[in-house]
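Each residue takes its place number in the sequence, starting with 1.
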Amino acid sequence: MELVNASADSLDDKDSVAVAQAASAGIARLEAVRFRALAQLSRHRGGAGSVTQEVALELSLVDSHAGAVVAAAEALTTRLPCTLALMDRGKLGGFGAMKVVAATAWLSEENARAADALLEDRLPGRNADQIRKAANHAAISVDRDGADRRARRHREGRRLRVRQGEAGVASIEVEDGPVEKVTAAYRRIDREARALRKGGETRTLDQLRADIALDLLLGGQGSGGERTEVFLYMDLFTYLGLNDDPAELAGHGHIPAGLARHIATGPDTVLRRIITDPLSGQVLDLGRDRYRPTAGLGEFVRVRDRECRRPGCHRPAQACDLDHVVPWQFGGHTNADELIDLCRRDHRLKDEPGWVYRLAADGTLTITTPTGHSYDSTPPPLHEPRPQSPLTDEPPPF
């Protein structure tokens, strides 16, 4: 408590971080109290819809947010007791808890409790996007058939919306488009925008992306017609329909097995064999049978890492820089053991004073901040680690 009550001017960097962490834990505990109070209010009123308006007025919230908070309070106090207990311990804030609520809302109460139990050890220390992905994976894992049905229903609901703005502007948005197509479209637009910037364009990247997208929609060619690839990771047994383990789309997160098979069997899909260590699930090598020639070492590192290696950043590896953990000028080597993927922002952060990056032999990246706190990042395994049966020679996953 002394740190919390100390004058801000008297704190050094480490103390400032400690105060912020202690305050966040205290806020999480208070948010748990608020959720319980709102759940009790809703129960007293028999779940009446007017509770949302009352909460909106009393807490100065807009109706939509008030409704989400009340729904979260009801879910946390009934379906998600482990998540609420994490808030009581100061390990999870209200914003993160609402991500769990949203990801598990479609589950039955029994399945929601099962997902909640799976998540108990996976949420502390994670940011909101990591929590969303972990909760989505847990939800898919406990109800795989329901996840497939839900994915089909959402994809069937795709639509195009136009929103008129002020001062001569408007917005156009594809809602609930197939994730593989939306991801590939954005990558193509982003790549072409960056190429134009390198060519001397004075427009910002945001302006270029918008202009290229509109040009393509109106029948233009953007700045080129090259295809863009997305990385879909799935176990061979899942691909063959022998199990229904969730697959992963880099930059998006886990998707149901049925949707993964639909994407993987598309007419333009190119399959690669990735050889993994069955005990750890980590990438050992890339098969060389594919439609397009490989890019060698850089391709291996991108497939292995999947996303930016800074903990909490989920920019796909295809859009990241390859970087030496030990700078080349200080004796670094250009090999898979010393290369990692970092997005441009985190690549620049690495060069800031006080930031230290170390890569262990097992692929674990340890980042130490200027205040001395360390955070680990390990490429997620392509499948759950599993010992091989002495009687079978399990084939490698795709």
Heavy-atom closest pair, residues Arg261 and Asp244 = NH2-OD1, 2.8 Å
Are Leu216 and Leu196 connected, step by step, through hydrophobic side chains (Ile, Leu, Val, Met, Phe, Trp, Tyr) whose heavy atoms are closer than 4.5 Å?
-> yes
Where at least one partner belongs to residues 57-75, residue pairs that pass salt bridge (charged side-chain N to carboxylate O under 4.0 Å, His left out), sequence neighbours excluded = none
What is the minimum heavy-atom distance between Thr104 and Ala115, and which atoms define it?
-> CG2-CB, 4.3 Å
If only atom types and distance count, is the side chain of Glu192 paired as donor or acceptor with the main-chain N or O of Ile189 below 3.5 Å?
-> no
State the CZ-SG distance between Arg315 and Cys343, to the nearest 0.5 angstrom.
-> 6.5 Å
Glu31 versus Met87: any side-chain heavy-atom pair under 4.5 Å?
-> yes
Find out whether Cys308 and Arg345 are in side-chain contact, i.e. whether some heavy atom of one side chain is under 4.5 Å from a heavy atom of the other.
-> no
Neighbour count above 12 (heavy atom, 6.0 Å) for Glu110 CD = no
So with a 6.0 Å cut-off around CZ of Phe95, is the heavy-atom count from everything else above 12?
-> no
Heavy-atom distance under 4.5 Å between the side chains of Gln130 and Lys133, does that happen here?
-> no
Would you say the side-chain atoms of Asn136 pair up with the backbone N or O of His254, donor to acceptor, closer than 3.5 Å?
-> yes
Interatomic spacing from CH2 in Trp355 to NZ in Lys350 - rounded to 0.5 Å | 13.0 Å
Return the minimal non-hydrogen interatomic distance between Ala247 and Tyr233, and the atom names on each side.
-> CB-O, 3.2 Å
Taking it one step at a time, do Val142 and Leu107 satisfy side-chain contact (heavy atoms from CB on, under 4.5 Å)?
-> CA-CA 9 Å; Val142 300; Leu107 295 173; 4.0 Å; yes
Are the side chains of Asp321 and Asp341 in touch, meaning some heavy atoms are under 4.5 Å apart?
-> no
Same hydrophobic cluster for Leu38 and Leu61, using side-chain heavy-atom links shorter than 4.5 Å among ILVMFWY?
-> yes
Closest approach of Arg302 and Cys320, non-hydrogen atoms and distance?
-> NH2-O, 3.3 Å
Give a yes or no answer on whether the side chain of Arg309 reaches the backbone of Asp305 with a donor-acceptor pair at less than 3.5 Å.
-> no
Determine, using the 4.5 Å side-chain heavy-atom cutoff (strictly less than), whether Val100 and Val69 are members of one ILVMFWY cluster.
-> yes
CZ (Arg43) with more than 12 external heavy atoms under 6.0 Å | yes
Does Asp346 reach the main-chain N or O of Leu349 with its side chain, forming a donor-acceptor pair under 3.5 Å?
-> no
Tell me whether Val101 is reachable from Val55 by hopping between hydrophobic residues (I, L, V, M, F, W, Y) whose side-chain heavy atoms are closer than 4.5 Å.
-> yes
Answer yes or no: is there a side-chain heavy-atom contact under 4.5 Å between Arg310 and Ser377?
-> no
No-hydrogen, no-angle side-chain donor-acceptor test under 3.5 Å, Ser374 and Thr366 = no
Where do Val356 and Thr369 land on the side-chain contact (heavy atoms from CB on, under 4.5 Å) test, with the steps shown first?
-> CA-CA 7 Å; Val356 179; Thr369 69; over 6 Å; no
With a 4.5 Å limit on heavy-atom distance, are the side chains of Arg155 and His262 in contact?
-> yes
Nearest heavy-atom pair of Leu84 and Ala32: which atoms, and what distance?
-> CD1-CB, 4.0 Å
Are Val179 and Ile140 co-members of a hydrophobic cluster defined by side-chain heavy atoms under 4.5 Å apart?
-> no
Hey, could you give me the CZ/CG distance between Arg348 and Asp323, rounded to the nearest 0.5 Å?
-> 12.5 Å
Ignoring hydrogens and geometry, is there a side-chain-to-backbone donor-acceptor pair from Asp116 to Thr83 under 3.5 Å?
-> yes
Are side-chain heavy atoms of Arg159 and Asp176 found at a separation under 4.5 Å?
-> yes
Intermediate values then yes/no, side-chain contact (heavy atoms from CB on, under 4.5 Å), Ile172 and Leu160 | CA-CA 7 Å; Ile172 188 168; Leu160 187 71; 3.7 Å; yes
Going from CD1 on Ile340 to OH on Tyr357, what distance comes out if it is rounded to the nearest 0.5 angstrom?
-> 7.0 Å
For the residue pair Lys14 and His373, confirm or rule out a side-chain donor-acceptor distance under 3.5 Å.
-> no
Grab the two heavy atoms, one from Thr77 and one from Phe35, that are nearest each other, plus how far apart they are.
-> CG2-O, 4.5 Å
Under 3.5 Å, which donor-acceptor pairs link side chains of residues 205-213 to any protein atom two or more places apart or in another chain?
{"from": "Asp206", "atom 1": "OD1", "to": "Arg209", "atom 2": "NH1", "distance (Å)": "2.9"}
{"from": "Gln207", "atom 1": "OE1", "to": "Thr204", "atom 2": "N", "distance (Å)": "2.9"}
{"from": "Gln207", "atom 1": "OE1", "to": "Thr204", "atom 2": "OG1", "distance (Å)": "3.4"}
{"from": "Arg209", "atom 1": "NE", "to": "Tyr186", "atom 2": "OH", "distance (Å)": "3.4"}
{"from": "Arg209", "atom 1": "NE", "to": "Asp190", "atom 2": "OD1", "distance (Å)": "2.9"}
{"from": "Arg209", "atom 1": "NH2", "to": "Asp190", "atom 2": "OD1", "distance (Å)": "2.9"}
{"from": "Asp211", "atom 1": "OD2", "to": "Arg203", "atom 2": "NH1", "distance (Å)": "2.8"}

Sorted by first residue and then second, give each salt bridge (charged side-chain N to carboxylate O under 4.0 Å, His left out) pair with at least one member in residues 78-100; sequence neighbours left out.
-> Arg36-Asp88
Value rounded to 0.5 Å, distance of SG in Cys82 from CG in Leu119 | 9.0 Å
Hey, what do you get for CD1 (Ile367) to CG (Asp376), rounding to the nearest 0.5 Å?
-> 9.0 Å
Salt bridge between Arg161 and Glu173, side-chain N to carboxylate O under 4.0 Å?
-> no
Find out whether Arg152 and Leu259 are in side-chain contact, i.e. whether some heavy atom of one side chain is under 4.5 Å from a heavy atom of the other.
-> no
